[in-house]
Asks: 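Pasting a structure below so you can have a look.
Reminder, nothing fancy here: chain letters follow the sequence lines and each chain counts from 1.
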Amino acid sequence: MKNNLIIGIRMTVVLLVLFMVIYPLSVWTVAQLAPNNGEGEVVVYKQNKGYSNIGQNFTADKYFWGRPSAVDYNAAGSGASNKGASNEEYLAVVQGRIDTFLLKNPTVKKLDVPIDLVTASASGLDPNISVASTKVQITRVQKTRKISSEKLNSLIDANTEHPFLGIFGPTKVNVLKLNIALDQLN
Amino acid sequence: MNTEIVGIIAMFLLTLALAIPLGKYISKVYGLEKTWLDFIFNPVEKVLFKLSGVNPEQEMNWKQHMKALLTINVVWFFIGMIIMMTMGSLPMNPDGNPSMSADLAFNTVISFVVNCNLQHYSGETGLSYLGQFYLMFLQFVSAATGMAAAVVVFRAFRDKTTTELGNFYTYFMKSCTRILFPISLVVAILLAFQGTPMTFEGKDTITTLQGSSQDVSRGPAAAFVAIKHVGTNGGGFFGTNSAHPFENPTYFSNMVEMIAQMLIPFAMIFAFGYFIKRKKFSWMIFGVMTVGFLALTIPNVIAEMQGNPMIQKMGIDTSLGAMEGKESRIGAAATGYWSIATTVISTGSVNSMHDSTMPLSGMNELLAMMINSFYGGVGVGILNFFIFIILAVFISGLMVGRTPEFFGKKVEAREMKIAMIIALIHPFLILVGTAITTAMPQYGTATLNNPGFHGLSEMLYEFTSASANNGSGFEGLGDNTFWWNVSTGIVLLLARFLPIIGPVAIAGLLAQKKYIPENDGTLKTDTATFGVVTLTVILIIAALAFFPVLALGPIAEYFTIY
């Protein structure tokens, strides 16, 4: 037993060096070659930078909106609603989001409101929405900005991210990148 | 075909394609045979063994193995308690996060020592980078502990009659250096290039496009996220785990993490077969596990893609599926697949919030952990399955009226008693834990995030996850309380070490027995028939133990909304 304890302590020290020093430093060294030296991918706008993978809160009519967030896009405290499918209070919140959306987008038919625009994401920081979710917002953005819907459609097409290798996973749009491109249009 | 479906089929097939050669490699590592990486690892390991004061060739019997295993785990626990309770004032804390309270530290350290990673804190605010690094260390060594224990069982069936089952420290060290380290390094680098941060900088404050201020937590996440999956640990760097766009930035990173977490559990099954030179036996195990896995996965993928009927009734476009608590870049199909993969194996990392999945999906996630042996965690999955094999051997033996035998060894009363205790301890811990908590509304109901049947499921899920050493949760539960920290901490300990000691003891006892050569009357354990018997045993035990509580939780919830 005593022997096991001494070996246990010595081996733990050896492995602490391996896994708390050598391993992370190896990864860190290689990550210096990764996008933005492994500090998170950034996009630049108006002399500011944002993280392209971290969603931002868009509420103004002139921008495309992203997913609802349970934590208000707090990227220092990610979180979800964790509401169950049968929770009536939660269902009332979703109904409220649908009503608000229809109020702000009066030309949209209820049947065309995509579910990702009225349900909160898992991280509260989802940077993407579906293509359908951008299309239902075109009329509002177009009216606010006074640009043609053809231009907006081609902007969405240019910012559409296709499935990985063309065959794996969903099609989506990065809301922040789309809105940056939108600002540059004017 | 739908690109989301194609994505999940590709993930499964790629895992299998990588696991077979890896299984062969793992078998060679534990068999101390030559491998192509010897030129690096032989000299390195020689130094590591010397520094540790270990003679790697010293043979141990099963009891010596268990003593060595338990002692080193105790060392990790004490170091962990010290770090968690003082890290607020130690270096590597750019965000100025506080130390943990004693009960939270107890729960966190145990949870990482036992390869579970139930997290009652949030990574962004609850840990310094030093704390994260120590937990990362635990993710490596807890995985290696499970693997080393599994190898003892492998060894017991390779030789005809023996008490010498190899050296614990050798198996443990080689699991670290030759298996977990290299695979994690590859995965970490892939993730870093997909956009997972690997930096020692703290929080960044940016101005959003709309002009408000946003704090963004960063950190050395890529290294952490890699071993979290490779070692089927599942503890996230950030609060929302692999749903966080930094931990899992793209669909490709999602595939990498998915494959990384199922890879070693698959490979260990094949390694077993190569090691004891019974490849067909591996395929029997893999077949049973895969039937079970698909039976849980397919309904989840369908249910999540169909979406919540209560929202459909509101008359909107629900073609994307049940998107509450899901991420757009991953989609409903890959989320449904992950929700079962992470629960059948003991990872417990999540790329969606299981609390918000459909009622029957939640039930399947629970069942996956209740059965806990379809693939299972690294090393321990095969140990859990081994118990069911012993039970199936016994029942089959009774049916044909012969003394039950497994690989030429008689299975007798002592082994059966151990197997029964291990098979029953899991439902015991889950059901008794949930029942006690339900009986104390001030500790149980008061912490719920959802009312009614779903609320019961939240408590049930927490104990199931603890007892399966899984670590995922119905995260709405307010689980950082004294009661939850201590009760699940105790469940974690019992549910980790008893199911390791039990199978190793059975294997050790069987290994000592006289070898009886196979003849016409011997029960063949590598056939489809035996596979069906094993699956039936698993289903009967799970159904009898858990159906009543599932009827009160997810099944009752299902009928309220459909």
Side-chain angles (χ1 to χ4, degrees), chain A residues 4-5 7-12 14 16 19-20 24 27-28 30-31 34 38-41 45 48 50-51 53-54 56 58 60 75-78 80 82-87 91 94-95 98 110 112-116 119 121-123 125-130 163-164 167-170 172 179, chain B residues 3 6-7 48 51-53 68 71-72 75 124 133 137 140 188-189 192-193 195 197-199 203 206-209 215-218 220 223 238-240 243-245 249 251-252 308 310 315-318 320 323-329 331 352-353 355 358 449-450 454 475-476 557 560-561:
Chain A
N4 279 333
L5 187 61
I7 292 176
I9 293 171
R10 285 174 68 171
M11 193 172 254
T12 301
V14 169
L16 282 172
F19 292 133
M20 283 178 71
V27 180
W28 180 82
V30 181
E39 293 184 8
E41 278 177 54
Y45 46 84
N48 287 320
Y51 289 87
N53 285 322
I54 301 291
Q56 298 185 355
F58 289 103
S78 55
N82 283 306
K83 294 297 181 194
S86 63
N87 187 330
L91 292 168
V94 175
Q95 185 64 58
I98 297 171
K110 195 175 180 186
D112 293 329
V113 179
I115 188 165
D116 54 335
T119 48
S121 63
S123 60
L125 305 170
D126 194 338
N128 302 305
I129 50 174
S130 63
F164 174 60
I167 44 173
F168 301 132
K172 63 205 185 301
N179 282 331
Chain B
T3 52
V6 176
L48 297 182
L51 290 172
S52 314
T71 312
I72 199 166
V75 173
E124 295 97 326
F133 270 22
F137 159 81
F140 275 101
I189 289 168
F193 280 88
M198 186 64 205
T199 172
K203 253 178 238 162
I206 61 155
T207 307
T208 65
L209 188 60
D215 285 342
V216 181
S217 286
R218 297 177 293 175
F238 299 106
T240 50
H244 193 290
Y251 194 81
F252 177 66
N308 185 345
M310 299 301 275
I316 61 167
D317 172 13
T318 56
L320 290 170
M323 287 306 286
E324 182 70 35
K326 288 190 182 53
E327 297 283 301
S328 308
R329 65 190 172 286
S352 71
M353 290 302 128
D355 220 345
M358 293 302 103
N449 187 46
N450 286 286
H454 194 84
E475 287 299 337
E557 190 191 3
T560 62
I561 66 170

Asks: From I115(A) CD1 over to I316(B) CD1, what is the distance, rounded to the nearest 0.5 angstrom?
Replies: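 If we round to the nearest 0.5 Å, I115(A):CD1 and I316(B):CD1 are 5.0 Å apart.
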Asks: As an exercise: rank K172(A), M11(A), E41(A) by heavy-atom pairs under 4.5 Å with chain B and give me the winner.
Replies: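 Of the candidates given, the most pairs with chain B belong to M11(A).
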Asks: Can you tell me how far OG1 of T560(B) sits from CG of N87(A), rounded to the nearest 0.5 angstrom?
Replies: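 N87(A) CG to T560(B) OG1: 10.5 Å, rounded to 0.5 Å.
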Asks: Assess whether side-chain contact (heavy atoms from CB on, under 4.5 Å) is satisfied between R218(B) and Y51(A), documenting all intermediate values.
Replies: CA-CA 11 Å; R218(B) 297 177 293 175; Y51(A) 289 87; 3.1 Å; yes
Asks: For each of H454(B), H244(B), K326(B), M310(B), tally heavy-atom pairs with chain A at distances under 4.5 Å, and name the one with the top tally.
Replies: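 The option with the most such pairs is K326(B).
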Asks: Write down the atom of M358(B), the atom of A85(A), and the distance for their closest heavy-atom approach.
Replies: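 Distance-wise, the nearest heavy atoms are CE-CB, 3.7 Å.
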Asks: Name the option with the most non-hydrogen atom pairs under 4.5 Å to chain A; the candidates are P197(B), G53(B), A243(B), G325(B).
Replies: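 Winner by heavy-atom pair count: G325(B).
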Asks: Is it the side chain or the backbone of P249(B) that comes within 4.5 Å of chain A heavy atoms, both, or neither?
Replies: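 For P249(B), heavy atoms of backbone and side chain both lie under 4.5 Å from chain A.
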Asks: Out of T208(B), L51(B), I189(B), which one racks up the most heavy-atom pairs below 4.5 Å with chain A?
Replies: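 Greatest number of close heavy-atom pairs with chain A: T208(B).
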Asks: Report the option among S121(A), A80(A), G8(A) that has the most heavy-atom pairs separated by less than 4.5 Å from atoms of chain B.
Replies: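 Greatest number of close heavy-atom pairs with chain B: S121(A).
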Asks: Among P245(B), A192(B), G239(B), G7(B), which has the most heavy-atom pairs under 4.5 Å with chain A?
Replies: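 Looking at each option in turn, the highest pair count goes to P245(B).
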Asks: Closer than 3.5 angstrom, by distance alone: can the side chain of N450(B) be matched with the main-chain N or O of G84(A) as a donor-acceptor pair?
Replies: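 Yes; judged by distance alone, with no hydrogens or angles, the pair exists.
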Asks: As an exercise: rank N53(A), N82(A), V27(A) by heavy-atom pairs under 4.5 Å with chain B and give me the winner.
Replies: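 Of N53(A), N82(A), V27(A), N82(A) has the most heavy-atom pairs under 4.5 Å with chain B.
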Asks: Is it the backbone or the side chain of V14(A) that comes under 4.5 Å from a heavy atom of chain B, or both, or neither?
Replies: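 Only the side chain of V14(A) comes within 4.5 Å of chain B.
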Asks: Using a 4.5 angstrom heavy-atom cutoff, name the option from V113(A), N179(A), V94(A) with the most pairs to chain B.
Replies: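 Among the listed options, the one with the most contacts to chain B is V113(A).
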Asks: Say whether, by atom type as modelled, one donor and one acceptor occur between the side chain of D126(A) and the main chain of S328(B) under 3.5 angstrom.
Replies: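 Present.
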Asks: For K83(A), is it the side chain, the backbone, both, or neither that has a heavy atom closer than 4.5 Å to a heavy atom of chain B?
Replies: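 Both backbone and side chain.
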Asks: What about the rings of F140(B) and F19(A), do their centers lie closer together than 6.0 Å?
Replies: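 Yes - the distance between ring centres of F140(B) and F19(A) falls below the 6.0 Å cut-off.
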Asks: Please find the pair of heavy atoms, one from F238(B) and one from S78(A), that lie closest to each other, and give the distance.
Replies: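 It is CB-OG, 4.4 Å.
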Asks: Output all residues satisfying salt bridge (Lys or Arg N to Asp or Glu O under 4.0 Å) with E327(B), sequence neighbours left out; order by chain, then residue number.
Replies: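 For E327(B) the salt bridge (Lys or Arg N to Asp or Glu O under 4.0 Å) partners, ignoring immediate neighbours, are R329(B).
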Asks: Which atom pair, heavy atoms only, marks the closest approach of A34(A) to F193(B)?
Replies: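 Heavy-atom minimum between the residues: CA-CE2, 3.6 Å.
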Asks: For the candidates N308(B), I561(B), L48(B), which exhibits the highest count of non-hydrogen atom pairs separated by less than 4.5 Å from chain A?
Replies: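 Option with the greatest count: N308(B).
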Asks: Can you find a pair of side-chain heavy atoms, one from I72(B) and one from T12(A), that are under 4.5 Å apart?
Replies: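 In contact.
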Asks: Write down the atom of I206(B), the atom of Y45(A), and the distance for their closest heavy-atom approach.
Replies: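 Of all heavy-atom pairs spanning I206(B) and Y45(A), the closest is CD1-OH, 4.3 Å.
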Asks: Could you tell me which of E557(B), K203(B), M323(B) has the largest number of non-hydrogen atom pairs under 4.5 Å with chain A?
Replies: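 Winner by heavy-atom pair count: M323(B).
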Asks: Let's test your reading of the structure: which of S86(A), G40(A), A31(A) forms the most heavy-atom pairs below 4.5 Å with chain B?
Replies: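 Going by pairs under 4.5 Å, I would pick S86(A).
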Asks: Give, as side chain, backbone, both or neither, the part of V75(B) having an atom under 4.5 angstrom from any heavy atom of chain A.
Replies: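 Contact with chain A involves the side chain of V75(B) alone.
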Asks: If we define contacts as heavy-atom pairs under 4.5 Å, which of N128(A), I9(A), D116(A), T119(A) has the most with chain B?
Replies: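 Among the listed options, the one with the most contacts to chain B is T119(A).
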Asks: Name the region of P163(A), side chain, backbone, both or neither, that has any atom closer than 4.5 Å to a heavy atom of chain B.
Replies: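 Side chain of P163(A) only, per the 4.5 Å heavy-atom cut-off to chain B.
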Asks: By side-chain contact (heavy atoms from CB on, under 4.5 Å), which residues pair with I7(A), not counting sequence neighbours?
Replies: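 Applying side-chain contact (heavy atoms from CB on, under 4.5 Å) to I7(A) gives N3(A), V54(B), Y169(B).
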Asks: Would you compute the distance between atom CE of M20(A) and atom CZ of F137(B) and round it to the nearest 0.5 angstrom?
Replies: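 These two atoms lie 8.5 Å from each other.
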Asks: Give, as side chain, backbone, both or neither, the part of I129(A) having an atom under 4.5 angstrom from any heavy atom of chain B.
Replies: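 For I129(A), backbone heavy atoms alone lie under 4.5 Å from chain B.
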